[in-house]
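Encoded as structure tokens, the structure appears first; notes follow it.
Heavy atoms only: backbone and side chains are in, while hydrogens, waters and symmetry mates are out. Just so it is clear, the structure is predicted and the values come from calculations on it, not from any experiment.
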Amino acid sequence: MNAGESTDLTVNVVTGVPKRQDRFGYQNINGGKVYNLSFCFPYLSDYRNGKWNYHPYYDAGENRNSAVSNFHVSFFAPKSYKVAASGQSTTKNGKTTITANNMREVAIAASNKFKVDHAYANGVRINDYYLASKNSKQYNKLALMTAQDSFHIFTKKIGKYPYKEIDITEGLLGKDTGGMEYPGLIMIDASGFLQKKHPLDRYNELTEDVSHEVGHQWFYGTVGSDEYMEPWLDEGLTNLLENGVYDLTYTKSKAYCAKLMHSKFYTRKNVKRANKILKENANQFINKNQKASYINYPVNNPPKGVDTEDMAYELGMDFPAVLKVAMGETKFFDALHDYYQTYYLKQATTQDFLNIIRKYNNSKKVNNVINKFIDPKYLSE
């Protein structure tokens with residue numbers, strides 16, 4: 001097809017929904033059912049730089065590379081079910097009509113046990129779909145507070161969220177999965193609240209999971225990237241928002257979390273001290289010329305001796321965290337804001353990110369940091 005042409009394409013797909021704790025599957029919880037429906041819809045392969053990208057499915061989630069589209073979905077469920085979905089939706093007589101414009105994909109969660117509460121932040125409606133339990137009041141309050149604080153901070157630091165609302169859905173996602181991100185919808189694992197054992201740290205884990213998945217609305221949801229080839233661009237930058245921005249800002253949600261955990265250590269003074277320690281560690285890394293591992297490798301071929309998730313999440317966060325110190329906080333966030341605005345609802349590469357960084361600070365110090373983390377052999381145009 002030539003540029004500007006269009007066609008109609010119909011694909012008929014039938015799938016079962018497996019019984020499992022995951023982002024695609026159903027599960028029995030508290031006498032009801034929760035259906036998580038994602039990674040089960042066909043979408044067009046990405047055509048870029050004169051070739052099709054055929055990335056295999058990667059269970060951790062880093063397999064997507066899609067441009068924004070407009071989705072119109074009709075979803076049918078029994079009348080007793082509440083339906084959460086990407087975009088905006090209305091439900092009448094068991095039929096939910098979903099309109100999700102300028103989104104990379106659509107996810108749906110439905111349950112006959114969902115309760116719904118909401119809050120607002122920066123004009124965005126935050127809907128929390130939670131399950132009734134003896135801990136549900138604390139879960140709902142903390143999840144909404146964390147989402148509000150995250151929206152306030154990330155909007156100020158990075159830029160405006162592109163949609164009118166976001167849904168948070170509670171469920172069980174399985175071992176080592178705290179949550180999952182989709183445009184306009186995040187799934188949160190609440191095993192610490194729903195299962196028989198209720199570890200005290202569940203409150204802190206909830207703030208980490210919610211702030212992280214909300215952060216993905218900025219990096220992956222709004223600024224897209226090839227998650228299979230350069231997973232650090234969404235996971236590393238989002239980890240920075242969670243650990244290096246939300247965690248290092250004194251918030252009401254973290255204060256409430258500390259209260260629930262009976263901790264007296266969460267104070268403005270200690271948050272300030274944590275910022276100082278991390279800055280000192282970054283300067284030590286820079287000045288002592290310590291080595292780091294490369295992060296811009298694909299998920300199927302991480303650097304030797306480095307785990308894929310460490311590369312994407314931990315090292316992927318360390319790179320921008322050290323850059324922030326090398327550049328100075330003001331210039332770093334000015335650059336990150338520029339990066340966000342430049343690739344708003346588009347797709348970016350590591351090279352695009354570096355171009356913006358060097359626009360604001362092209363010093364020897366900054367380039368030395370870049371050279372520690374970025375392998376030029378894996379830079380894509």
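- Considering only heavy atoms from C-beta on, Tyr163 stays 4.5 Å or farther from Val124 through its side chain.
- Figure legend: Lys372 and Phe285 shown as a cation-pi pair, the cationic atom lying under 6.0 angstrom from the six-membered ring centre and within 45 degrees of its axis.
- Taking hydrophobic clusters as Ile, Leu, Val, Met, Phe, Trp and Tyr residues chained together by side-chain heavy-atom distances below 4.5 Å, Leu233 shares a cluster with Ile295.
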* To do: Please test Asn122 against Tyr161 for side-chain hydrogen bond (donor to acceptor under 3.5 Å, both in side chains), starting from the C-alpha separation and ending with a verdict.
  => CA-CA 9 Å; Asn122 297 90; Tyr161 174 74; over 6 Å; no

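- Side-chain N or O atoms of Asn2 include none that pairs as donor or acceptor with a backbone N or O of Glu5 at under 3.5 Å.
- Within 6.0 Å of OH in Tyr57 there are more than 12 heavy atoms belonging to other residues, nucleotides or ligands.
- Put simply, the side chain of Thr146 gets close to the backbone of Leu142: a donor and an acceptor are under 3.5 Å apart.
- Side-chain contact check for Ser363 and Asn361: at least one donor-acceptor pair (N or O, by modelled atom type) lies under 3.5 Å.
- Residues Leu206 and Arg202 fail the side-chain proximity criterion, which asks for heavy atoms closer than 4.5 Å.
- The backbone N or O of His118 sits nowhere less than 3.5 Å from a side-chain atom of Asp128 that would complete a donor-acceptor pair.
- Minimum interatomic distance between Val245 and Thr249 (heavy atoms only, all atoms of both residues): O-OG1, 2.6 Å.
- Cation-pi contact between Lys115 and Tyr130: absent, since separation from the ring centre below 6.0 Å together with deviation from the ring axis within 45° is not met.
- With Asn53 contributing its side chain and His55 its backbone, the two residues share no donor-acceptor pair below 3.5 Å.
- Counting only heavy atoms from C-beta outward, the side chains of Asn368 and Ile370 never approach each other to under 4.5 Å.
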* Hey, mind stepping through Glu329 and Lys157 against salt bridge (Lys or Arg N to Asp or Glu O under 4.0 Å) and telling me if it holds? -> CA-CA 11 Å; Glu329 188 165 321; Lys157 291 284 189 181; 3.4 Å; yes

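- Separation of atoms CZ (Phe219) and CD (Glu227) is listed at 13.5 Å; rounding is to 0.5 Å.
- Counting only N and O atoms by type, the side chains of Asp338 and Thr342 include a donor and acceptor under 3.5 Å apart.
- Between Leu131 and Glu170, the shortest heavy-atom contact is N-OE1, 2.7 Å.
- With hydrogens and angles disregarded, no donor-acceptor distance shorter than 3.5 Å links the side chain of Glu242 to the backbone of Gly215.
- For the atom pair OH (Tyr294) and CD1 (Ile374), the distance works out to 9.5 Å, reported to the nearest 0.5 Å.
- Residues passing the side-chain hydrogen bond (donor to acceptor under 3.5 Å, both in side chains) test with Tyr203, sequence neighbours excluded: Gln138.
- Tyr313 places no side-chain N or O within donor-acceptor distance of the main-chain N or O of Thr308, the cut-off being under 3.5 Å.
- Note on Leu323: it clusters hydrophobically with Leu241, by side-chain heavy-atom contacts below 4.5 Å among ILVMFWY residues.
- A cation-pi geometry, defined here as NZ or CZ lying under 6.0 Å from the six-membered ring centre and within 45° of its normal, does not hold between Lys324 and Phe333.
- Annotation: side chain of Thr177 is not in contact with side chain of Asp189 (no heavy-atom distance under 4.5 Å).
- Counted by atom type alone, Thr238 and His216 present one or more donor-acceptor pairs between their side chains at under 3.5 Å.
- Going from atom OG1 of Thr350 over to atom CZ of Phe373 covers 13.0 Å, rounded to the nearest 0.5 Å.
- Scored by the side-chain hydrogen bond (donor to acceptor under 3.5 Å, both in side chains) test, Tyr54 finds no partners at all (sequence neighbours excluded).
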* Run the side-chain hydrogen bond (donor to acceptor under 3.5 Å, both in side chains) check on Asn296 and Asp375 step by step: do they pass? -> CA-CA 7 Å; Asn296 59 318; Asp375 186 345; 6.0 Å; no

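- Interatomic distance, OH of Tyr250 versus NZ of Lys252, reported as 10.5 Å (0.5 Å rounding).
- In this structure, a donor-acceptor pair under 3.5 Å is absent between the side chains of Gln88 and Thr99.
- Side-chain contact, His212 with Asn243: no donor N or O sits under 3.5 Å from an acceptor N or O.
- Residues Ala100 and Val106 share a closest heavy-atom pair of CB-CG2, 3.9 Å.
- When atom types are taken as modelled, the side chain of Asp310 and the backbone of Leu315 share no donor-acceptor pair closer than 3.5 angstrom.
- Counting all heavy atoms, side chain and backbone alike, Lys33 lies closest to Ser111 at O-OG, 2.7 Å.
- Phe39 approaches Met180 most closely through the heavy-atom pair CZ-CE, 3.7 Å.
- Using cut-offs of 30° and 60° on the angle between ring planes, the pair Phe353 and Tyr339 is perpendicular.
- Although no hydrogens or angles enter the test, the distance criterion places no donor-acceptor pair under 3.5 Å between the side chain of Thr97 and the main chain of Ser74.
- Arg104 places a side-chain N or O within donor-acceptor distance of the main-chain N or O of Gly221, the cut-off being under 3.5 Å.
- Side-chain contact between Ile158 and His337: absent, with no pair of heavy atoms (C-beta onward) separated by less than 4.5 Å.
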* To do: Kindly determine whether Trp218 and Phe151 satisfy ring pair (Phe, Tyr, Trp, His ring centres under 6.0 Å), including the steps that lead there.
  => CA-CA 10 Å; Trp218 276 257; Phe151 265 93; 5.4 Å; yes

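- Ser211 has its side chain out of reach of Val214: every pair of non-hydrogen atoms, C-beta onward, lies at least 4.5 Å apart.
- Note that CD1 of Ile168 is 9.5 Å distant from CG of Leu185, once rounded to the nearest 0.5 Å.
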* Please assess Asn127 against Arg125 for the test side-chain hydrogen bond (donor to acceptor under 3.5 Å, both in side chains), listing each intermediate value before the final yes or no. => CA-CA 6 Å; Asn127 303 306; Arg125 181 181 171 110; 2.7 Å; yes

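- Criterion: ILVMFWY side-chain heavy atoms under 4.5 Å apart, direct or through other members. Under it, Ile186 and Leu172 are not part of a common hydrophobic cluster.
- Smallest separation of non-hydrogen atoms from Asn30 and Ala132: ND2-O, 2.8 Å.
- In the hydrophobic clustering of this structure, Val73 does not group with Tyr182; members are Ile, Leu, Val, Met, Phe, Trp, Tyr whose side-chain heavy atoms approach within less than 4.5 Å, directly or through other members.
- Counting heavy atoms from C-beta on, the side chains of Phe332 and Pro320 come closer than 4.5 Å.
- Side-chain atoms of Gln217 do not come within 3.5 Å of backbone N or O of Pro183 as any donor-acceptor pair.
- Under the ring pair (Phe, Tyr, Trp, His ring centres under 6.0 Å) test applied with Trp232, the options Tyr220, Phe319, Tyr297 reduce to a single match, Phe319.
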* Under the side-chain hydrogen bond (donor to acceptor under 3.5 Å, both in side chains) rule, what do Ser253 and Asp149 come out as? Steps first, then yes or no, please. => CA-CA 7 Å; Ser253 53; Asp149 286 337; 2.6 Å; yes

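- A donor and an acceptor atom, one from each side chain of Glu235 and Asn239, are nowhere located under 3.5 Å apart.
- Between Glu208 and Lys254 there is a salt bridge, with a side-chain nitrogen of the basic residue lying less than 4.0 Å from a carboxylate oxygen of the acidic one.
- Under the 4.5 Å side-chain contact rule for hydrophobic residues, Leu194 and Leu173 do not share a cluster.
- Remark: Tyr246 OH to Ile153 CD1 distance equals 7.0 Å, nearest 0.5 Å.
- Side-chain polar atoms of Asn362 and Asn367 form a donor-acceptor pair below 3.5 angstrom.
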